[in-house]
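Beneath this line is the structure, given in structure tokens, with notes to follow.
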Amino acid sequence: MSRLFAIPPWPEVRRRLLPLITGLVLCGVAYGCIVRADLGLDPWDVLHQGISDRTGIPIGTVSVLVSFVVILGWIPLRQRLGLGTVLNAVLIGMTMDIAIPLLPDPTTTPQRWGLLLAGLVIAGPGIGMYIGARLGPGPRDGIMTGLAERGPSIRLVRTGIELTALAAGWLLGGTIGIGTLLFALTVGPNVQFWLAKLDMGYPPGFEPVTHPDGHHADDPPPDIEPDFTISGS
């Protein structure tokens, strides 16, 4: 099991669990606001919405299901799951399903923009808290790092994954709009600002082992470093 899961000692988990859960719930609320605004979604939620529209399954539930399908791709890539990986797969989608019906149904353009901007703002501290807890990367991040370890750059792999999700979602009827562009332009600076304030550092003994050229060692201790460019999913 140690080859599949990377779990730090319980005192460290306990110290980091509340920020992790709080961040994931904030992410779910943020994405719920963006969905309600209906001005364009982030790439993965474009895919989730497209599948939801075709199947009738709530978008948050689709997010959970897609996350677990993606996690299966970790197996051949020999990536380790953390507690944050599992909670990420479950809590964001569940929170979206709870939040979306509770959020106001916008009837005017200013109301739509208000929800969109609220979602974009809340996403920053949410993602910052989740990443800063350092209890495991999100499902899609494990695919990214696993592929990048085999040659391509993180930037190239991440861009390819995001564009693939966006294209598939668009073909399925997901909403692409100004919100999609604004999310892409603002999420990085927003997360960077909050992560600098909320990062808890590596749990003792979980620091990544690297060669002098910067590459991970062939058989490092459990490395739970999350991706600093993730969109929170």
Side-chain angles (χ1 to χ4, degrees), residues 1-28 30 44 67-68 70-71 73-92 122-158 161-162 187-233:
M1 294 293 287
S2 62
R3 299 293 299 176
L4 182 60
F5 290 94
I7 307 295
W10 171 243
E12 280 296 321
V13 173
R14 185 172 54 196
R15 187 171 73 89
R16 297 163 186 268
L17 194 57
L18 181 59
L20 171 67
I21 292 175
T22 303
L24 293 174
V25 169
L26 283 176
C27 285
W44 280 96
S67 293
F68 280 105
V70 171
I71 286 175
W74 287 35
I75 297 173
L77 295 175
R78 299 176 61 193
Q79 298 296 292
R80 289 187 176 97
L81 283 71
L83 180 61
T85 309
V86 178
L87 291 181
N88 178 291
V90 175
L91 285 185
I92 292 180
I122 295 170
I127 297 172
M129 291 183 78
Y130 148 61
I131 294 178
R134 292 185 181 262
L135 286 177
R140 295 149 188 88
D141 308 316
I143 293 291
M144 176 194 68
T145 55
L147 291 174
E149 286 173 0
R150 284 151 176 79
S153 68
I154 287 283
R155 180 176 300 177
L156 178 62
V157 171
R158 186 73 190 201
I161 291 173
E162 296 291 330
V187 67
N190 197 5
V191 172
Q192 181 173 331
F193 172 82
W194 285 103
L195 186 59
K197 301 176 179 299
L198 299 170
D199 187 11
M200 300 179 72
Y202 289 102
F206 276 65
E207 298 83 357
V209 175
T210 57
H211 291 301
D213 62 2
H215 290 88
H216 283 282
D218 292 335
D219 193 17
D223 181 0
I224 60 170
E225 179 179 11
D227 170 38
F228 287 87
T229 66
I230 71 167
S231 63
S233 47

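Excluded from the calculations below are hydrogen atoms, water molecules and symmetry mates; all remaining heavy atoms, backbone and side chain alike, are included.
- Considering all non-hydrogen atoms of both residues, L26 and M129 come closest at CD1-SD, 4.1 Å.
- Note: N190 CG to I122 CD1 = 10.5 Å, rounded to the nearest 0.5 Å.
- Between I161 and W44 there is a side-chain heavy-atom pair separated by less than 4.5 Å.
- Side-chain contact between R134 and D199 is present, with heavy atoms from C-beta onward closer than 4.5 Å.
- Across all their heavy atoms, P19 and M200 have their closest contact at CG-SD, 4.0 Å.
- The shortest distance between side-chain heavy atoms of W194 and I127 does not fall below 4.5 Å.
- Exactly one of T85, L87, V86, L20 qualifies for a side-chain contact (heavy atoms from CB on, under 4.5 Å) with L135. That residue is L20.
- When all heavy atoms are compared, the tightest approach of A89 to P139 is CB-CG, 4.0 Å.
- If you take CG on N88 and SG on C27, they are separated by 7.5 Å, rounding to the nearest 0.5 Å.
- Nearest approach of W74 to P137, heavy atoms of both residues: CH2-CG, 3.7 Å.
- Atom OG1 of T22 is separated from atom CG of L17 by 9.0 Å, given to the nearest 0.5 angstrom.
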